[in-house]
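Take a look at the structure set out below.
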2 protein chains.
Amino acid sequence: MVKQNTSERILDVTQELIQSRGYSAISFNDIAEKVGIKKPSIMHHYPSKAALGVAVVDRYRKTFAAMFDNILSEHKLPAKKILDIYFSPYLNLSENKEKVCLCGALAGEYRALPEELRGEITRFFDDSKKWLVTILELGKDAAEFGFDGEPEVVASLMLDTLQGSLMISRATSNKNHVHETIESLKSELGL
Amino acid sequence: MVKQNTSERILDVTQELIQSRGYSAISFNDIAEKVGIKKPSIMHHYPSKAALGVAVVDRYRKTFAAMFDNILSEHKLPAKKILDIYFSPYLNLSENKEKVCLCGALAGEYRALPEELRGEITRFFDDSKKWLVTILELGKDAAEFGFDGEPEVVASLMLDTLQGSLMISRATSNKNHVHETIESLKSELGL
DNA sequence: GTCTATACAAAGATAGAC
DNA sequence: GTCTATCTTTGTATAGAC
């Protein structure tokens, strides 16, 4: 692990705080304290709270995009394995009762967010759905998955369920809930 | 429609604002302006923001509870009809691109919320799941629904999907999405 | 029950020294 | 690149007149 620069540490801390408490509830002071700097220093790296929010979501989305591009193009994994990789961030988050998906957290306060930030969230959900459609098509073509209906419709249902499951499991302190949800989703695909 | 008193108008406005923008992002001033009073007047009715939040969620939950108690005990509707009534608030909200479920909105910023408010949210989700379990059992006993697995598991999946669907449809401006989700859920029950 | 006035803390943001 | 100091606005909340 390379020693991170301040810009990235700010992104890390901000992401973690949003996943735990949302965007509106956190302040430059909260972030600065966790990073170990003073609040005006943050503005040297990101000129406004909106810009910082956009940078966090942009990085989040691109990290997932890079991960799936790599998995889908470089390797020849069975669709079942790729699907497990798709599920893994949800499973990891669910073991930590503090956090949900970054964009799931932001979606709740959507209409309070700056316009630029909303666009990033929209993009994340659109991308998340597309990745899932690709996996479903792979699995259907390889006869690994057995499901009825259009991949787009099934993908939407699955994404909705994963996001809702994370959110509700945190609010109901049901630690095993996301795991059960994922098992059910897999079983609906014949796995 | 009876003319409402100020206490209830405050609850109405606060609920609407939370469903649109969340809890942390709204202020007494936002509420007061919409109600048409000054902000200290709110505190005459609710001593703190936390108390107001609790009152809003408590009323929300009790409204649904009363509705389902009434439907389940007074009438002898087929389970299919009762399920449609259960779905109807989600469908109504989805036609308004501004709002999501009150507790769905709050779930995103869960760890920023005062303890008392968190308890109310937990209770709403627990109750929502129980109502759905009851409907599923009714439908299964009457051979109206055909689904595999425990009603508790199916109910959890359905609630997660509904909540996630509302949230994501708002963030992706997909107005017809919740409608499609509900059709898919019904089809999975053999309807 | 609603208002004006005010207290006090915290927010986002800027200026300028180092 | 980070700091101290400061500005301005807004937040929750209280006191007390009407």
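Reckoned from all heavy atoms, side chains included, excluding hydrogens, waters and symmetry mates. Sequence lines set the chain letters: A, B, ... in the order given, protein chains first and strands last, and positions in each chain run from 1.
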Checking Glu109(A) side chain against Ala25(B) main chain: does a donor-acceptor pair fall under 3.5 Å? no
Hey, does the side chain of Ser20(B) reach the backbone of Lys99(B) with a donor-acceptor pair shorter than 3.5 angstrom? no
Please classify the nucleic acid contact of Ser41(B) as base, sugar-phosphate, or nothing, using heavy-atom distances under 4.0 Å. base
Check every strand shown and say whether Ile31(A) touches a base, only sugar-phosphate, or nothing at a heavy-atom separation below 4.0 Å. nothing
Quickly work out the [X] [atom1] to [N] [atom2] distance and round it to whole Å.
X        : N       : atom1 : atom2 : value
Asp30(B) : dT9(D)  : CG    : P     : 17 Å
Tyr46(B) : dT14(D) : OH    : P     : 17 Å
Lys38(B) : dC18(D) : NZ    : C1'   : 16 Å
Ile42(B) : dT4(C)  : CD1   : P     : 14 Å
Leu17(B) : dG11(D) : CG    : P     : 12 Å
Met43(A) : dA13(C) : CE    : P     : 5 Å

For His44(B) and for Lys49(A), find the nucleotide of DNA chain C with the closest heavy atom, then tell me which residue's nucleotide is more 5'. His44(B)
Residue met sooner reading DNA chain C from 5', once Asn29(A) and Thr6(B) are mapped to nucleotides: Thr6(B)
